[in-house]
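Input: a single structure, listed below in structure tokens.
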Number of protein chains: 2
Amino acid sequence: MKWKELEEEPCSMARTIGVIGDRWTLLILRECFLRTRRFEGFQSALGITRHLLAERLKKLVRQGILRRIPYQEAPKRHEYILTQKGLDLYPIMMALVHWGDTHMVDERGRPLLHQHRKCGKDFDPVIVCSECGEPLLAKEVHTHPGPGAQSLRTIAAPDKPKAKPRRSAA
Amino acid sequence: MKWKELEEEPCSMARTIGVIGDRWTLLILRECFLRTRRFEGFQSALGITRHLLAERLKKLVRQGILRRIPYQEAPKRHEYILTQKGLDLYPIMMALVHWGDTHMVDERGRPLLHQHRKCGKDFDPVIVCSECGEPLLAKEVHTHPGPGAQSLRTIAAPDKPKAKPRRSAA
DNA sequence: CTTCTATAGTTCTAAAATCGAACTGTCAAA
DNA sequence: TTTGACAGTTCGATTTTAGAACTATAGAAG
């Protein structure tokens, strides 16, 4: 499977992974949410090679997740800022952080706390059902094909995905 | 930066990315949540090379995200099932799916719908504050160093990463 | 008894991605 | 005139991944 195919699969998760599902892209996005905007800022914060950084930024711009905006003429310079589409990645970022906070902290505790301005408290993100507001548990969710379904794969778990001969028997 | 270093960074997101932040691992986890449990199941569903699949499964087991459980003696066979730590990845998976549903669907609509057994309705996942229950917006969240902070990097947003405006920066 | 099939890997080579370091170009300041 | 900051680009070396074949075990088929 190639990256391009991923984005065309009838699976929203696969498509998302096709866009942001690699180490550097995710880390670049972390920096974006931490308000880094410029090439040098990303590079020195992450230690990514300049080559890859340039490539990843281009891809994020192509995907409409970042916008490249001039901040000075003279030597033309641009900064990269999140579009709405990019800001919408926030729940993904929070979910990643929260899992790390829960399962990957050492004895010192969390490196970073999040305070909700609305209520003033440090919080954890909680996922709830948009319809009833109850917290979601994997076990209580049932998936079924939607209008965009097309392949039998990825819609629901087929109990046994037919095996095919791997070698020519001749 | 190497993979191993990532897991030691004082940043929960980096650590999480170090564990699950690559294309195949994420797709394998998708399959896990769709109830795939066996080597052949993953391989044929994803088209991943057997070599990589074996490696990724080993890593997920090492990380305590999957457990390798024998389901038959005779030729010894195992299946891979999510531990609690693995199940806790559910919010990340849902967040990925939801972003794809919002920004990556084609005219046909969503490939997969999620029904909440508790209320019976198809839903979207919503992230709320654990303290006040209000939906979270990136703009309303302030980050500050926690007990596990140690490096100045990644703790909090440096307002401008050593970018001193040398000119009138618009 | 031999062959086929199913399952879960391992091994090998070629191709692709990433790393690391140097190089390009613009303009301001020293 | 030289240096420094910034935003890239280029290129050879290294690491990962792809793709296909090979190994191993055991039941069923013939």
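Chain letters run A, B, ... following the sequence lines, proteins first and then strands; every chain starts at 1.
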Query raised in the report: Under 4.0 Å between a side-chain N or O of B:K58 and OP1 or OP2 of C:dA8?
Result: no

Report task. Flag the pair A:R15 and B:D106 as a salt bridge only when some basic side-chain nitrogen lies within less than 4.0 angstrom of an acidic carboxylate oxygen. Result -> yes

Atom pairs and distances, donor-acceptor, side-chain atoms in residues 113-121 of chain A, under 3.5 Å, two or more places apart:
residue : atom : partner : partner atom : Å
A:Q115  : NE2  : A:G120  : O            : 2.9
A:H116  : NE2  : B:E140  : OE1          : 3.4

Query raised in the report: Should B:M104 and A:V19 count as side-chain neighbours, where that means a heavy-atom distance under 4.5 Å?
Result: yes

**Report entry** Separation of atom CD in A:Q72 from atom C1' in D:dA7, rounded to whole Å
**Finding:** 10 Å

Requested in this report: Quick one: do B:Y80 and B:R37 satisfy side chain to side chain donor-acceptor pair (under 3.5 Å)? Show the steps, please.
Outcome: CA-CA 5 Å; B:Y80 298 88; B:R37 294 151 179 266; over 6 Å; no

Could you list the donor-acceptor pairs under 3.5 angstrom formed by side chains in residues 88-96 of chain B, with sequence neighbours left out?
residue : atom : partner : partner atom : Å
B:D88   : OD1  : B:Q84   : NE2          : 2.9
B:D88   : OD2  : A:H103  : NE2          : 2.7

Query - Residue-level proximity of residues 74-81 of chain B to DNA chain D when a heavy atom falls under 4.0 Å - result: B:A74, B:P75, B:R77

Query - Test side-chain hydrogen bond (donor to acceptor under 3.5 Å, both in side chains) applied to A:T36 and A:E79, A:Q43, A:E31, the passing residue - result: A:E31

Query - Residue list, side-chain contact (heavy atoms from CB on, under 4.5 Å) with B:K76, at least two apart or on another chain - result: B:E73, B:H78

**Report entry** Atom pair distance, as rounded to whole Å: CG in B:L53 and P in D:dA18
**Finding:** 11 Å

**Report entry** Rounded interatomic separation in angstrom, taking CD from B:E40 and P from C:dT10
**Finding:** 13 Å

Query raised in the report: What residues, two or more places apart in sequence or in another chain, satisfy side-chain hydrogen bond (donor to acceptor under 3.5 Å, both in side chains) together with B:Q63?
Result: B:E7

**Report entry** B:L46 CG to D:dA18 P, straight-line distance once rounded to whole Å
**Finding:** 11 Å

Query - Atom pair distance, as rounded to whole Å: CD1 in B:I28 and C1' in D:dT17 - result: 13 Å

Report summary line: The contact string for nucleotides 18-23 of chain C, one letter per nucleotide 5' to 3', using protein heavy atoms under 4.0 Å with B, S and - for base, sugar-phosphate only and none, comes out as SBB-B-

Query raised in the report: Distance check: side-chain N/O of A:Y71 vs OP1/OP2 of D:dA7, anything under 4.0 Å?
Result: yes

